[in-house]
Engineer: 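Let me begin by handing over the structure; questions about it come next.
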Amino acid sequence: MKNKMIKEYTRIQNGLFAKVSLENNFKMEEILRIAGVDIAYWEEKGFHYGTCCIVVINFRTKIVIEQSTSNGEITVPYIPGFLAFRELPLVMEAVEKLTMDPDLYMFDGNGYLHYRHMGLATHASFYLNKPTIGVAKNYLKIENTPFVMPENETGAFTDIRIGQEIYGRVLRTAKDVKPIFVSSGNWIDLATSTEVVMACINENSRLPIPVRLADIETRLARRNLISK
DNA sequence: GCGACAG
DNA sequence: ATCTTGTCGC
């Protein structure tokens, strides 16, 4: 038996508590479709808008099999540590437009790597009821704990831990690129999260394919929504 | 007032 | 996140 991972009860919203699991509730062979989620923002006449794109790929072939978009006014401000409250409305709207049910979701943001263990990827999992992974491009410092830069080699990583608890991982997805910050969202462990992320890296980007494609689609969608 | 700050 | 040209480096 491997170490029993920590399970925590964390308050995610006024009186609402949720249990986060850092154990896989699936087998790797069952992961066939992976969704990448991202949002792009813009401002018009003092109003803030956003467009969310979800791109689903076949985990084996890495081919895009479906995508959906949602857009609308964004009324919740960005507050470090509360990103989910700002992004979830559009995310869920786009999720409902999908015809297929992805086996796993990857987010542009943190999961367990968060001072309440409740980053976007983790918070979203309770609405998706699917395993999620958090992939952030920058580090949101926790308890004044800096991260250790991993070696400059593909796959090199260092873990971000406080006390005996590992929050997330600084992962160098390729040589000579900025590392990314990977963490479990829910129902998946950090080792598996890392494995899935690395399996989604190609020579075109330091970000895993699903998130990278969602990022690209999101900008294209915005271009068409704004007459610029 | 100053610094921090996922997206 | 977004606003943006040139420019340093391979």
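This structure is a prediction, so every number in the text was calculated from the model and none was measured.
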Engineer: Is there a side chain to side chain contact (heavy atoms under 4.5 Å, CB included) between Asp103(A) and Glu30(A)? Walk through the geometry before answering.
Structural biologist: CA-CA 8 Å; Asp103(A) 301 306; Glu30(A) 299 171 347; over 6 Å; no
Engineer: Look at all strands and tell whether Phe85(A) reaches a base, only sugar-phosphate, or nothing, counting heavy atoms closer than 4.0 Å.
Structural biologist: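 Phe85(A): no heavy atom of the nucleic acid under 4.0 Å.
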Engineer: By nearest atom, which of the nucleotides dC5(B), dA6(B), dG7(B) is closest to the His114(A) side chain?
Structural biologist: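 Of the candidates, dA6(B) comes closest.
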Engineer: Looking for any heavy atom pair under 4.0 Å, which part of the strands does Glu87(A) touch: base, sugar-phosphate only, or nothing?
Structural biologist: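 Here Glu87(A) touches the backbone only, sparing every base.
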Engineer: Would you mind reading off the distance between Lys175(A) atom NZ and dG9(C) atom P, rounded to a whole angstrom?
Structural biologist: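 Those two atoms, NZ and P, are 17 Å apart.
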Engineer: For Asp108(A), answer base if it contacts any base atom (sugar-phosphate contacts may also be present), sugar-phosphate if it contacts only those atoms, and nothing otherwise; contact means non-hydrogen atoms under 4.0 Å.
Structural biologist: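 Result for Asp108(A) = sugar-phosphate.
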Engineer: For atom P, what is the distance between dG6(C) and dG1(B), given to the nearest Å?
Structural biologist: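 Approximately 37 Å lies between the P atom of dG6(C) and that of dG1(B).
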Engineer: Is the phosphate of dG7(B), meaning OP1 or OP2, less than 4.0 Å from a side-chain N or O of Tyr41(A)?
Structural biologist: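 No, Tyr41(A) has no side-chain N/O under 4.0 Å of OP1/OP2 on dG7(B).
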Engineer: Touch check for Gly134(A), heavy atoms < 4.0 angstrom, all strands: base, sugar-phosphate only, or nothing?
Structural biologist: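 Here Gly134(A) touches no strand at all.
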Engineer: Could you tell me if the ring centre of Tyr41(A) sits under 6.0 Å from that of Tyr78(A)?
Structural biologist: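 Not close enough - the centres of the two rings lie 6.0 Å or further apart.
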Engineer: Check the geometry between Phe181(A) and dA6(B) and answer yes if their rings are stacked (centres below 5.5 Å, planes below 30°), otherwise no.
Structural biologist: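 Stacking is absent between dA6(B) and Phe181(A), given that the ring centres and planes do not meet under 5.5 Å and under 30°.
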Engineer: Could you state the CZ-P distance from Arg222(A) to dA1(C), rounded to the nearest angstrom?
Structural biologist: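 Value for this atom pair: 10 Å.
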Engineer: Is Lys137(A) near enough to dG7(B) that one of its side-chain N or O atoms lies under 4.0 angstrom from OP1 or OP2?
Structural biologist: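 For dG7(B), OP1/OP2 do have a side-chain N/O of Lys137(A) under 4.0 Å.
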Engineer: When you get a sec, tell me which of dG7(B), dT2(C), dC5(B) is the closest nucleotide to the side chain of Ala40(A)?
Structural biologist: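 My answer, after comparing the listed nucleotides, is dT2(C).
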Engineer: Can you measure Leu120(A) atom CG to dG7(B) atom P for me and round it to whole angstrom units?
Structural biologist: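 After rounding, the reported distance stands at 10 Å.
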Engineer: Output yes when Asp101(A) and Arg33(A) qualify as a salt bridge under the 4.0 Å nitrogen-oxygen rule, no when they do not.
Structural biologist: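 No, no charged N to carboxylate O under 4.0 Å.
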Engineer: When you check the phosphate oxygens OP1 and OP2 of dA6(B), does a side-chain N or O of Arg86(A) lie under 4.0 Å from one of them?
Structural biologist: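 No.
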Engineer: Can you measure Leu207(A) atom CG to dA6(B) atom C1' for me and round it to whole angstrom units?
Structural biologist: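 Nearest whole value for this atom pair: 13 Å.
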Engineer: If you only use heavy atoms from C-beta on, which nucleotide in dG7(B), dT2(C), dC5(B) is closest to the side chain of Arg219(A)?
Structural biologist: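 Nearest listed nucleotide: dT2(C).
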Engineer: Mind checking if Leu113(A) touches a base, just sugar-phosphate, or nothing, with heavy atoms under 4.0 Å?
Structural biologist: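 Nothing, no nucleic acid heavy atom in range.
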Engineer: Does Arg222(A) count as lying over the ring of Tyr49(A), i.e. NZ or CZ under 6.0 Å from the six-ring centre, within 45 degrees of the axis?
Structural biologist: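 That pair does not qualify as a cation-pi contact.
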Engineer: Looking at every non-hydrogen atom in both residues, tell me the closest pair between Thr145(A) and Arg161(A) and how far apart they are.
Structural biologist: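 Taking Thr145(A) first and Arg161(A) second, the nearest heavy atoms are CG2-O, 4.2 Å.
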Engineer: Ignoring backbone atoms, test whether Asn138(A) places a side-chain nitrogen or oxygen under 4.0 Å from the OP1 or OP2 oxygen of dC5(B).
Structural biologist: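 Checking dC5(B) against Asn138(A), no side-chain N or O comes under 4.0 Å of OP1 or OP2.
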